[in-house]
Amino acid sequence: MTLPVTLPRFFYARPTLDVAGDLIGKVLVHHTRTGLTSGIIVEVEAYIGESDPACHAAPGPTARNAPLYGPPGLAYVYLNYGIHNLVNAVTEEEGSPAAVLIRALEPLEGEALMRARRTRGTGRAPGALSHDEICRGPGNLTRALGITLRDNRLDLTKGPLRIEDRGLPPREVEWTPRIGIRVGVEAAWRCAAVGSAAVSGRKSSGTTARQRRPG
DNA sequence: CGTTCGATGCACT
DNA sequence: GTGCATCGAACGT
């Protein structure tokens, strides 16, 4: 058991697909006044450069996508569909716009607080959420961890929003096309931990009928 | 089980 | 004014 180590800048200053694969099994942590919440990263997507039509840098530099052009290790948070905050880790070198979107976590610390945030304002009871639903999906995990637009441009290598290596065992991963985009569908730039029930999207194959009882 | 559709805010044309 | 890197309730089979 080793001490938690916040990932340093050089971790992010690499090819985005390498960073994406290596983020699986790392721990996203958010420390707020309300408390500390965290989860194991089990699903990510890479968005790479102005030539990637699904990347926010596709139109070239704008006010919104400026963090993508910044130094590696920054957080890029933006509002999607008017409702959901999505969090990315900026990769590669300054001036080279690319990032990894974090899409799902397995809840680790502060689960009660995460449940409260996820159900606040809705009619749902905190207990109605299963453990694996709490941080399943990019909009859900930011809500659970209390990540908002105010966290945009924060430095993930230090401070209240960070990603740690806690020496967790390596996970088997699978690469698939990215989810929920209209362009750039062909690239297999989504990476997910195999077998994790917290992963979003459809099951790759096999038995989806696990809900039914045997007998 | 499956698919459809409304909510909601901001960047960009 | 249009279009999203979404979510979940509502409805169809």
Side-chain angles (χ1 to χ4, degrees), chain A residues 16-17 19-20 23-24 28 41-70 74-92 97-105 107 114-115 117-130 132-153 175-192 197-214:
Chain A
T16 303
L17 292 177
V19 177
L23 278 175
I24 301 295
L28 179 65
I41 299 170
V42 290
E43 182 186 358
V44 298
E45 284 175 358
Y47 290 85
I48 311 174
E50 294 177 349
S51 60
D52 174 4
C55 182
H56 281 187
T62 66
R64 177 173 73 154
N65 66 25
L68 291 176
Y69 291 83
L74 285 192
Y76 171 47
V77 183
Y78 72 95
L79 186 64
N80 187 46
Y81 291 100
I83 299 174
H84 305 288
N85 296 293
L86 271 55
V87 62
N88 300 250
V90 174
T91 60
E92 306 196 5
V100 176
L101 169 70
I102 301 175
R103 290 191 56 92
L105 311 172
M114 290 195 274
R115 287 178 181 277
R117 285 173 173 150
R118 280 277 275 112
T119 52
R120 184 189 307 158
T122 75
R124 308 192 64 187
L129 284 175
S130 78
D132 293 319
E133 284 173 326
I134 297 174
C135 296
R136 178 191 291 158
N140 287 336
L141 75 89
T142 55
R143 179 129 194 233
L145 268 62
I147 297 170
T148 69
L149 288 178
R150 303 209 322 274
D151 299 308
N152 191 28
R153 300 169 182 264
W175 291 87
T176 75
R178 294 171 292 184
I179 292 178
I181 53 174
R182 309 255 229 169
V183 290
V185 178
E186 61 286 347
W189 288 352
R190 169 177 174 267
C191 184
V199 167
S200 73
R202 298 174 179 172
K203 306 296 178 190
S204 49
S205 66
T207 49
T208 33
R210 290 291 183 199
Q211 312 274 12
R212 204 187 311 176
R213 292 187 189 187

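Residue numbers start from 1 in every chain, and the chains themselves are labelled A, B, ... in the order their sequence lines are given, proteins ahead of strands.
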Base partner of B:dT8, which must satisfy Watson-Crick or wobble distances under 3.5 Å
none
Whole-Å distance, A:His56 NE2 to C:dG3 C1', equals 11 Å
Think A:Arg178 has a side-chain N or O under 4.0 angstrom from the OP1 or OP2 of C:dT6?
no
Pairing partner (Watson-Crick or G-U wobble, both distances under 3.5 angstrom) of C:dA5
none
Considering only atom P, compute the distance from B:dC5 to C:dT13 and round it to an integer number of Å.
13 Å
In whole angstroms, the gap separating C1' of C:dA5 from CG of A:Leu86 amounts to 6 Å
Let me know the distance between CG of A:Leu68 and C1' of B:dA11, rounded to the nearest Å.
14 Å
Round to the nearest Å and state the distance from A:Asn88 atom CG to C:dA5 atom P.
11 Å
In short, A:Leu145 meets A:Cys135 closest at the heavy-atom pair CD1-SG, 4.1 Å
Can you check the distance between C:dG8 and B:dC10, where both ends of the measurement are the C1' atom (answer in whole Å)?
22 Å
pi-stack flag for A:Tyr47 and C:dA5, centroid dist under 5.5 Å, interplanar under 30°:
yes
From the options B:dT8, C:dC7, C:dA5, select the nucleotide whose nearest atom is closest to the side chain of A:Ile83.
B:dT8
Taking C:dG8, B:dC10, B:dC12 as options, the one with an atom nearest any side-chain atom of A:Ala63 is B:dC12
Please lay out, stage by stage, how A:Arg103 and A:Ile179 fare under the test side chain to side chain contact (heavy atoms under 4.5 Å, CB included).
CA-CA 10 Å; A:Arg103 290 191 56 92; A:Ile179 292 178; 3.8 Å; yes
So for A:Tyr78 and C:dA5, does any side-chain atom that can act as donor or acceptor lie under 3.5 Å from a complementary atom in the base?
yes
5'-most by nearest nucleotide on DNA chain C - A:Arg182 or A:Leu141
A:Arg182
Under 4.0 angstrom, heavy atoms only, what part of the nucleic acid is A:Arg124 near: base, sugar-phosphate, or nothing?
sugar-phosphate
Intermediate values then yes/no, side chain to side chain donor-acceptor pair (under 3.5 Å), A:Arg124 and A:Thr119
CA-CA 6 Å; A:Arg124 308 192 64 187; A:Thr119 52; over 6 Å; no
Taking atom P of C:dG8 as reference, at what distance in whole Å does atom CZ of A:Arg136 sit?
10 Å
Between C:dT6 (C1') and A:Ile181 (CD1): distance, integer Å
14 Å
Which one of A:Asn88, A:Leu101, A:Ile24 satisfies the side chain to side chain contact (heavy atoms under 4.5 Å, CB included) criterion with A:Val44?
A:Ile24
Atom pair distance, as rounded to whole Å: OH in A:Tyr81 and P in C:dA5
6 Å
Work out which heavy atom in A:Glu50 is nearest to a heavy atom in A:Gly60; give both atom names and the distance.
OE2-CA, 3.7 Å
Run the numbers on A:Asn80 and A:Tyr78 for side chain to side chain contact (heavy atoms under 4.5 Å, CB included), then give the verdict.
CA-CA 6 Å; A:Asn80 187 46; A:Tyr78 72 95; 3.7 Å; yes
What is the separation between atom CZ on A:Arg103 and atom P on C:dC7, rounded to the nearest whole Å?
7 Å
Let's see if you can work this out: which of C:dT6, B:dC10, B:dC12 has an atom nearest to the side-chain heavy atoms of A:Thr62?
B:dC12
Would you tell me if any nitrogen or oxygen in the side chain of A:Asn80 comes within less than 4.0 Å of OP1 or OP2 on B:dT8?
no
